[in-house]
Amino acid sequence: MKRYKIILSSNSPRRKELLSGLDLDFEVRVISGIDESYPTNLASENVPEYIAKKKAAAYNIAENELVITADTIVIVDNIILGKPQNDAEACQMLRMLSGRSHKVITGVCLTTVSRQRCFSVKSEVTFKNLTDGEIDYYISKYHPLDKAGAYGIQEWIGYIGVTALNGSYFNVMGLPVQRIYEELVSGFMNS
């Protein structure tokens, strides 16, 4: 897998940790200020891939580089839950997720000078009924303002709250590494 210098376009420590788990050499390179807006008529499930493509378009890619961009959203009742702006919004999001199932979708783009492969991975997560005390404890101790849907499945709230998962656990963390590995092996590294 030495054909390309792999660039991860993310400040997320979780994405860095997950990509490291594939035993690939990569560097993190982030362009700040990329517009992450999307058309209001775009179907919710297409938003993460659309934003991942916008992120990829911001890069000047060298001939030997492969840039990985990603965006993750949580959808409940066809409402997109991004990152909360404050604790009150985080509390509101967790109350919306409490006792229900929701979708977590990550859009990913693998981009070189000559090729781009974009895809989305969807997982379904179910939470038990969370008490106000559990929600308040999680927000005050873990400060989930950097997480779509105001939670990290790998944190305390996931331990005590998630009752079911259909799909990729790593996708819910923010990067569907199994699918990325398959795409790299079949599409980019061997062609």
Side-chain angles (χ1 to χ4, degrees), residues 8-19 28 30-56 58 68-109 120-176:
L8 175 63
S9 168
S10 179
N11 276 323
S12 165
R14 290 162 301 283
R15 286 190 177 133
K16 184 178 177 184
E17 173 190 348
L18 290 170
L19 192 59
V28 173
V30 179
I31 297 174
S32 58
I34 297 173
D35 174 23
E36 294 188 21
S37 63
Y38 52 87
T40 55
N41 63 344
L42 186 64
S44 300
E45 295 194 1
N46 296 331
V47 168
E49 194 171 319
Y50 179 90
I51 294 172
K53 285 179 185 177
K54 282 180 85 170
K55 290 176 179 179
I68 300 172
T69 56
D71 189 71
T72 302
I73 61 168
V74 170
I75 301 175
V76 62
D77 291 336
N78 211 30
I79 298 168
I80 295 174
L81 303 181
K83 296 174 185 173
Q85 299 298 310
N86 52 48
D87 287 355
E89 193 173 324
C91 184
Q92 179 185 12
M93 288 182 182
L94 288 171
R95 284 189 178 130
M96 288 177 72
L97 300 176
S98 178
R100 310 183 60 198
S101 294
H102 60 275
K103 295 177 199 165
V104 178
I105 303 172
T106 302
V108 177
C109 283
S120 294
V121 175
K122 184 187 325 177
S123 303
E124 186 174 313
V125 180
T126 303
F127 269 105
K128 73 171 190 129
N129 285 313
L130 299 167
T131 68
D132 287 346
E134 290 165 339
I135 291 171
D136 292 344
Y137 173 80
Y138 176 67
I139 292 170
S140 68
K141 175 127 176 140
Y142 290 88
H143 312 289
L145 302 184
D146 63 337
K147 296 171 180 67
Y151 78 93
I153 194 169
Q154 73 281 6
E155 295 176 338
W156 182 83
I157 198 80
Y159 294 177
I160 66 102
V162 173
T163 60
L165 170 65
N166 183 12
S168 167
Y169 174 83
F170 300 115
N171 181 55
V172 180
M173 280 182 68
L175 199 64

Which pair of non-hydrogen atoms, one from [X] and one from [Y], has the smallest distance, and what is that distance?
{"X": "Arg15", "Y": "Leu175", "result": "O-CD2, 3.7 Å"}
{"X": "Ala52", "Y": "Cys109", "result": "C-SG, 3.8 Å"}
{"X": "Pro84", "Y": "Lys147", "result": "CD-O, 3.3 Å"}
{"X": "Val30", "Y": "Ser9", "result": "CG2-C, 4.4 Å"}
{"X": "Pro48", "Y": "Gly107", "result": "CB-N, 3.3 Å"}
{"X": "Val104", "Y": "Val172", "result": "CG1-CA, 3.9 Å"}

Are the side chains of [Y] and [X] in contact, using a 4.5 Å heavy-atom criterion?
{"X": "Glu89", "Y": "Leu145", "answer": "no"}
{"X": "Tyr142", "Y": "Ile157", "answer": "no"}
{"X": "Ile73", "Y": "Ile51", "answer": "no"}
{"X": "Ile105", "Y": "Ile75", "answer": "yes"}
{"X": "Lys54", "Y": "Asp71", "answer": "no"}
{"X": "Ile79", "Y": "Met96", "answer": "yes"}

* Asked: Parallel under 30°, tilted from 30 to 60°, perpendicular over 60°: which one fits the rings of Tyr151 and Phe127?
  -> perpendicular
* Give the ring-plane orientation class for Tyr138 versus Trp156, where under 30° counts as parallel, over 60° as perpendicular and anything between as tilted. => parallel
Return the [atom1] to [atom2] distance between [X] and [Y], rounded to the nearest 0.5 Å.
{"X": "Ile160", "Y": "Leu130", "atom1": "CD1", "atom2": "CG", "value": "5.5 Å"}
{"X": "Ser98", "Y": "Met93", "atom1": "OG", "atom2": "CE", "value": "15.0 Å"}
{"X": "Asp132", "Y": "Cys91", "atom1": "CG", "atom2": "SG", "value": "6.5 Å"}
{"X": "Ser10", "Y": "Leu8", "atom1": "OG", "atom2": "CG", "value": "5.0 Å"}
{"X": "Ile80", "Y": "Ser44", "atom1": "CD1", "atom2": "OG", "value": "4.0 Å"}
{"X": "Leu97", "Y": "Asn129", "atom1": "CG", "atom2": "CG", "value": "12.0 Å"}

* Go through the steps to decide whether Glu134 and Lys128 satisfy the test salt bridge (charged side-chain N to carboxylate O under 4.0 Å, His left out), and finish with yes or no. => CA-CA 11 Å; Glu134 290 165 339; Lys128 73 171 190 129; 2.9 Å; yes
* Any chance you could lay out the side chain to side chain contact (heavy atoms under 4.5 Å, CB included) test for Val108 and Val121, step after step, and finish with the verdict? => CA-CA 8 Å; Val108 177; Val121 175; over 6 Å; no
* Can you tell me if CG on Asn166 sees more than 12 non-hydrogen neighbours from other groups inside 6.0 Å? -> no
* To do: Compute whether any side-chain donor of one residue and acceptor of the other, for Arg14 and Thr72, lie under 3.5 angstrom apart.
  => no
